[in-house]
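Beneath this line is the structure, given in structure tokens, with notes to follow.
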Amino acid sequence: MQSDIVAQGLELMLYGMGSVVVFLALLVVCTTVMSTTVNRLFPEPLPVRRASRKTAPVEQDEELVAVISAAVHQHRTR
Amino acid sequence: MQSDIVAQGLELMLYGMGSVVVFLALLVVCTTVMSTTVNRLFPEPLPVRRASRKTAPVEQDEELVAVISAAVHQHRTR
Amino acid sequence: MQSDIVAQGLELMLYGMGSVVVFLALLVVCTTVMSTTVNRLFPEPLPVRRASRKTAPVEQDEELVAVISAAVHQHRTR
Amino acid sequence: MTSGQCLMIVIGLGLLFLAIKKRFEPLLLVPIGFGGILANIPGAGLAYSAFENALHAGDVQLLTELASVLQSSAEDSIKGLVGAYAHSDASTRLLAEHLVADAGYTNGILYNFYSVAIASGIAPLVIFMGVGAMTDFGPLLANPKTLFLGAAAQFGIFATVLGAVGMTSIGWMDFSLADAAAIGIIGGADGPTAIYVSSMLAPDLLGPIAVAAYSYMALVPMIQPPIMRALTTEAERKIEMVQLRPVSRREKIVFPLLLLILVALLLPAAAPLLGMFCLGNLMKESGVVDRLSDTAQNALINITTIFLGLSVGSKLVADKFLDLNTLGILSLGIVAFAIGTAAGVLIAKLMNRFGSTPINPLIGSAGVSAVPMAARVSNKVGLESNPHNFLLMHAMGPNVAGVIGSAVAAGVMISLVGG
Amino acid sequence: MTSGQCLMIVIGLGLLFLAIKKRFEPLLLVPIGFGGILANIPGAGLAYSAFENALHAGDVQLLTELASVLQSSAEDSIKGLVGAYAHSDASTRLLAEHLVADAGYTNGILYNFYSVAIASGIAPLVIFMGVGAMTDFGPLLANPKTLFLGAAAQFGIFATVLGAVGMTSIGWMDFSLADAAAIGIIGGADGPTAIYVSSMLAPDLLGPIAVAAYSYMALVPMIQPPIMRALTTEAERKIEMVQLRPVSRREKIVFPLLLLILVALLLPAAAPLLGMFCLGNLMKESGVVDRLSDTAQNALINITTIFLGLSVGSKLVADKFLDLNTLGILSLGIVAFAIGTAAGVLIAKLMNRFGSTPINPLIGSAGVSAVPMAARVSNKVGLESNPHNFLLMHAMGPNVAGVIGSAVAAGVMISLVGG
Amino acid sequence: MTSGQCLMIVIGLGLLFLAIKKRFEPLLLVPIGFGGILANIPGAGLAYSAFENALHAGDVQLLTELASVLQSSAEDSIKGLVGAYAHSDASTRLLAEHLVADAGYTNGILYNFYSVAIASGIAPLVIFMGVGAMTDFGPLLANPKTLFLGAAAQFGIFATVLGAVGMTSIGWMDFSLADAAAIGIIGGADGPTAIYVSSMLAPDLLGPIAVAAYSYMALVPMIQPPIMRALTTEAERKIEMVQLRPVSRREKIVFPLLLLILVALLLPAAAPLLGMFCLGNLMKESGVVDRLSDTAQNALINITTIFLGLSVGSKLVADKFLDLNTLGILSLGIVAFAIGTAAGVLIAKLMNRFGSTPINPLIGSAGVSAVPMAARVSNKVGLESNPHNFLLMHAMGPNVAGVIGSAVAAGVMISLVGG
Ligand code: NA
Ligand code: NA
Ligand code: NA
């Protein structure tokens with residue numbers, strides 16, 4: 001019975017590790033296919049919009065920082 | 001039995017729609033009476049205060065915007 | 001039985017009030033010991049750091065306010 | 001995987017597509033669609049009770065034991081045992097549950113969500129409280145007559161009840177009166193109300209009813225304009241309305257209490273829904289519990305929405321959803337919306353004829369509720385005829401009146417049919 | 001509608017008026033008052049269990065069956081059956097519940113809220129955790145002797161217990177020792193503690209106890225000053241106290257753990273209340289779990305407050321609240337506050353006489369807790385006598401000590417009476 | 001106080017010290033450590049069920065009655081009665097619970113938290129949803145091959161299972177296969193997954209398993225670097241990887257759905273965990289339900305974390321935690337981490353040899369998950385060899401792949417062992 005549980009453990013290891021590898025391998029394949037399909041059928045209309053959405057505030061922030069630091073500079077050198 | 005359920009449905013429609021109309025009509029009457037009473041007994045002490053509370057930050061914001069845009073302008077035309 | 005409940009109430013009062021006082025007296029002792037120990041073994045390395053952490057944003061804020069009010073002043077007196 | 005499960009997963013993906021790509025009520029349709037997919041994962045049993053999971057996965061011995069406990073013949077199919085279970089009394093059910101628990105079967109996670117969130121009635125009520133805390137009754141208080149438009153649009157509800165029983169009487173469908181009442185509420189254009197009513201009157205139909213309610217609410221900008229244009233003349237659509245009077249804070253505080261008292265006196269069956277709605281609104285307008293009002297409008301309603309959506313999704317399990325009745329519900333639902341819209345517009349025209357102050361009949365369609373979509377539709381159609389005529393605030397009156405109206409209709413249904 | 005229900009709705013509106021207009025502890029009194037109105041809506045049964053709803057609405061046949069299950073005579077009134085149910089053992093109650101469930105009766109929504117939030121003890125504990133996360137023990141750690149003031153003010157609790165049993169012994173009221181203990185806790189001036197204790201010792205009295213506790217906490221600025229002025233001389237009120245030493249972060253982190261260990265060793269019955277309080281405080285002071293501390297102070301405590309308030313409101317149902325005992329509780333409660341205030345001031349005078357560092361006796365009244373109201377009252381009364389004497393920080397010590405003190409008193413009560 | 005309780009309180013304080021002073025996963029270890037202290041307060045019984053509380057505090061008569069109900073001999077020890085209770089069928093348990101309830105015993109508050117948060121499975125799933133809403137699959141989508149590294153690192157899980165059954169077979173420990181599976185999951189370096197699996201497969205071991213999982217996750221920066229350095233050459237550690245391609249929003253939206261569909265088709269037992277994870281991620285990436293996504297990442301996950309931590313703490317009660325098995329679990333856990341790290345690095349080396357694009361083997365260690373700690377460790381060790389080589393984004397791929405990998409492993413375990 002004690003060697004039995006070791007046998008069960010071995011089986012669990014083989015079957016379990018096998019399942020994990022097979023599942024993730026399949027996921028690699030599907031993901032690659034999906035990415036190719038998506039990028040071919042809908043060539044990046046969104047990343048750009050998103051980028052602009054993202055960069056807009058950054059630019060504003062930079063501008064604000066520039067303005068404020070200019071003002072600070074002015075304020076200090078007065 | 002099949003015409004029975006239609007009769008029940010008709011009854012539900014008449015009674016239900018009636019209830020909705022009567023209830024909301026009563027609500028119209030009560031609301032009108034309530035508004036008149038409230039506005040007569042306590043003539044608008046609060047709306048003014050609220051308005052001032054609301055406009056204060058807006059003014060501040062406007063001022064801030066004015067200041068910052070002035071600074072931006074100055075910064076750009078330098 | 002009615003005087004019984006009064007006796008129980010008295011007992012509850014004496015025992016309860018006693019427990020509260022004893023517990024809090026013990027807490028006074030333990031707290032005092034704890035504070036002495038902590039302050040002797042680890043003489044205030046943290047309050048300072050904390051203070052600096054706290055004051056930093058305040059200073060920044062003050063600076064910002066100074067800058068902005070200067071800009072406002074400039075903006076108004078133009 | 002059965003073909004039914006496969007189809008339901010495709011439907012779930014379709015709902016997600018509509019929610020994400022077409023922005024159809026995404027707050028609800030994302031969790032509903034996702035829950036629908038989870039519910040149909042073969043072998044996972046996420047949407048089933050422990051009893052149903054035992055029936056699907058149990059061995060012959062357990063099934064025989066269950067059949068004997070339920071005094072059903074052992075040859076019964078799963079459906080037969082489910083039916084026997086549903087018609088047993090509480091102690092027999094408890095006995096069956098013990099057998100199932102001892103055999104190691106547990107409720108699926110979506111089933112648990114459904115029990116806690118919907119079967120108890122809590123989730124729709126909490127959402128209604130949050131909606132109350134987001135509602136501004138100002139336009140309604142400035143022009144209380146618009147409550148009649150909110151009443152008129154509920155005609156869609158009751159006409160649909162008649163339609164459902166009619167379909168049953170000619171044999172197309174098989175709806176009970178309670179089913180018909182729950183289906184009608186789709187016409188109220190109010191998600192939580194529809195879910196609350198159908199969880200009480202027709203839990204088996206909750207899936208299609210909720211999906212229909214939210215889908216058609218998202219379709220309001222497509223469903224309503226043709227009806228509105230067909231029933232009004234160009235001159236009517238150009239009517240400009242007098243500006244709304246300012247409403248004092250006191251009026252806004254007293255109104256939810258007034259509504260609560262009226263409900264208490266006249267319509268106790270609507271008390272849970274309208275009570276929570278009024279509580280949310282009072283928390284907002286009183287201005288003294290902003291912490292609670294903010295939480296009701298944000299963390300609490302968001303948490304509840306996630307679990308409500310998943311719970312509704314649990315009712316999209318194939319063997320319950322894929323049914324002729326679902327088609328009936330979907331078609332009756334859109335009719336309900338159309339009739340409600342028409343009734344609102346027509347009553348607005350009537351009020352315009354007999355009243356002194358002009359009413360643009362386009363705001364009548366906002367009485368179906370679907371806040372604030374229907375009011376925006378009124379505004380948009382109005383602007384087509386008169387680019388300087390902003391009807392939005394005027395339409396908000398009937399719009400929130402429609403919420404009250406359908407909650408009242410829900411109370412009437414529950415008290416008449418659910419008793 | 002019975003006259004009792006009508007009166008209770010008026011009382012609910014009165015509580016809302018006090019909360020909104022007079023700002024009496026609005027965070028609790030808005031949901032409590034609103035819940036009180038909901039609980040008394042005739043025919044809605046929102047505050048009743050399924051069993052009580054069946055008794056109120058059931059037909060003769062069901063009542064006869066219930067009476068036979070409960071081995072009560074069929075002629076019994078509703079009150080009789082409720083009593084028989086309460087005294088049955090668990091399996092009989094289960095049987096009765098099955099009968100009622102099969103007949104289609106369900107728990108009211110407020111009853112469900114009460115079961116989940118209060119009967120389980122969870123809501124007061126979660127609120128106590130949030131309060132802990134908002135509490136700064138700095139002033140207490142800088143001057144630990146102020147803990148004695150927090151102890152002294154708890155005398156109000158125990159004097160009130162004596163008052164309650166005294167009223168019972170002379171026949172004015174009918175309180176058990178457990179009832180008396182729960183009533184006394186009103187004098188602790190701490191809402192969640194009062195609710196927690198009375199949910200355990202006297203659930204039937206929870207409504208009036210909670211209402212009294214929160215109302216009198218709001219009245220602290222009116223109740224305390226006359227007592228404080230009467231018991232102190234002008235010279236005493238002018239006493240300036242030495243500035244508090246700075247307290248290190250380490251001390252603040254260790255203190256909640258020290259308190260927890262003391263509770264664990266000496267007073268396990270206070271462990272739930274003080275444990276959650278210390279957890280909240282540790283989360284705040286440790287500085288490593290700001291996410292959790294923020295949530296405990298905001299979303300979580302707000303959500304819990306809404307449901308706690310509605311649950312307390314469910315105990316304002318007319319046939320349970322309108323009782324001579326309620327008047328007794330209300331009058332005993334205010335006496336408890338007064339005695340606690342007096343005891344705090346007097347012990348502060350005593351400490352002043354025998355101690356080396358000067359103590360302004362006005363900070364003694366802050367020992368009743370009612371954080372931070374009582375500390376502000378100390379400060380205000382002090383400023384009247386000496387406009388440069390700011391007592392606020394000094395009074396925060398006894399103020400938070402009072403929270404600990406009444407939680408300790410609660411633990412003593414539960415272990416002595418509840419066992 | 002028993003010496004065991006005393007020791008456990010010291011251990012609880014030790015966990016708090018590690019969490020607060022050493023910043024070991026404080027979000028979980030603060031509530032776990034605090035809960036551990038609360039659970040061991042003598043006489044308070046906060047972590048016990050009503051039944052256990054009755055056994056510890058009940059009089060002889062009650063114990064005799066319970067023994068007769070459970071058909072156990074009256075002389076049985078407490079342990080004997082607990083065992084008899086655990087092996088009784090559901091109706092006998094119900095009977096015993098009635099007896100206990102009638103005698104006035106109630107569940108401890110931590111026991112209630114455990115039942116609601118963990119035994120139901122809800123808390124780990126809700127946390128997984130929140131983690132999903134915080135996860136960016138961008139780096140994984142840019143380089144899907146890194147999924148293999150996430151798979152490789154799960155070897156630690158299964159090697160540990162073998163270790164646990166091996167220890168049992170040579171008689172050092174006494175673990176069942178289900179216990180071994182639950183212990184192995186520690187190697188997944190993922191707290192909620194470990195708690196979810198052990199609540200299903202080995203609830204008795206949940207305390208040590210959760211403590212081990214979170215402690216070793218905090219120790220990742222100490223455990224991994226020596227292994228990584230030992231298995232790689234300086235040249236390998238210097239490998240620079242090609243920059244990741246930008247990933248479109250559409251891909252990010254489709255990926256969680258793709259993963260969900262694969263799980264639905266192949267591994268239904270992993271559907272609850274990965275389903276909730278995908279839902280959270282979809283809510284974030286879809287961009288149409290930001291309200292829900294924000295709540296899932298903040299209020300909801302924080303509330304759940306507090307109660308999850310306290311619930312885990314309830315399993316640190318002395319008579320369950322202080323056991324030889326706990327030592328076995330702690331030592332197996334660290335071995336699991338080490339093997340997982342090594343497997344990740346070795347497979348990365350292998351992929352590097354046979355693949356076309358260069359892979360720095362240091363990112364292999366990130367496959368154990370422990371997001372984002374393990375990825376940061378990869379980056380830091382990489383910078384030691386090449387100060388211009390930033391591996392962080394490259395390591396995020398295997399890092400999130402490790403989350404998926406251990407959830408898949410969890411599903412396999414549950415379906416193989418739990419059935
Ligand atoms: Na409506
Ligand atoms: Na107090
Ligand atoms: Na992992």
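So you know, we letter chains A, B, ... as the sequences are listed, proteins then strands, and number each from 1. All values reported here derive from a predicted model rather than from experimental measurement.
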Next on the checklist: At a 4.5 Å cut-off on heavy atoms, which part of D:Leu110 comes close to chain F: side chain, backbone, both, or neither?
Outcome noted: neither
Item to check | Between F:Gly287, F:Ala299, F:Cys278, the one whose heavy-atom pairs under 4.5 Å with chain D are most numerous | outcome: F:Cys278
Checklist entry - Between D:Lys320 and D:Glu52, is there a side-chain N and carboxylate O pair less than 4.0 Å apart? => result yes
Checklist outcome for this item: Under 4.5 Å to a heavy atom of chain F? For D:Asn298 that would be both
Checklist entry - Who among D:Asp102, D:Ile109, D:Leu46, D:Thr295 has the most heavy-atom pairs with chain F under 4.5 Å? => result D:Asp102
Checklist entry - Between F:Phe51 and F:Tyr85, does the ring centre distance come in under 6.0 Å? => result yes
Next on the checklist: Can you tell me which portion of D:Leu95 sits under 4.5 Å from chain F's heavy atoms? Options are side chain, backbone, both or neither.
Outcome noted: neither
Checklist entry - Would you say F:Ile301 and F:Thr305 make side-chain contact, with heavy atoms under 4.5 Å? => result yes
Item to check | chain F contact via D:Leu38 - which portion, at a heavy-atom distance below 4.5 Å | outcome: side chain
Next on the checklist: Less than 4.5 Å to any heavy atom of chain D: does that hold for the side chain of F:Leu257, its backbone, both, or neither?
Outcome noted: side chain
Next on the checklist: Which atoms of F:Leu94 are under 4.5 Å from chain D, going by heavy atoms: the side chain, the backbone, both sets, or neither?
Outcome noted: side chain
Checklist entry - Side chain, backbone, both or neither: which part of D:Ala57 has a heavy atom under 4.5 Å from chain F? => result neither
Checklist entry - Which bit of D:Ile303 comes within less than 4.5 Å of chain F, counting heavy atoms only: side chain, backbone, both or neither? => result both
Item to check | D:Leu99 portion near chain F, given a 4.5 angstrom heavy-atom threshold | outcome: neither
Checklist entry - Should F:Lys252 and F:Asp136 count as an ion pair when the cut-off is N to O under 4.0 Å? => result yes
Item to check | Distance-only side-chain donor-acceptor flag, D:Ser68 / D:Glu65, under 3.5 Å | outcome: no
Checklist entry - Measuring heavy-atom distances to chain F, does D:Leu310 have an atom under 4.5 Å in its side chain, in its backbone, in both, or in neither? => result side chain
Next on the checklist: Quick check with a 6.0 Å cut-off and a 45 degree axis cone: is D:Lys315 positioned over the face of D:Phe321's six-membered ring?
Outcome noted: no
Checklist entry - How about D:Asp190 and D:Tyr196: does a side-chain donor come under 3.5 Å of a side-chain acceptor? => result no
Next on the checklist: Donor-acceptor check, side chain of D:Asn53 to backbone of D:Tyr105, threshold 3.5 angstrom: yes or no?
Outcome noted: no
Checklist entry - Which answer fits F:Ala271, side chain, backbone, both or neither, if we ask what part of it has an atom under 4.5 Å from a heavy atom of chain D? => result both
Checklist entry - D:Tyr111 and D:Tyr48: aromatic ring centres closer than 6.0 Å? => result no
Checklist entry - Is chain F contacted by the side chain of D:Ile20, its backbone, both, or neither, given a heavy-atom distance below 4.5 Å? => result both
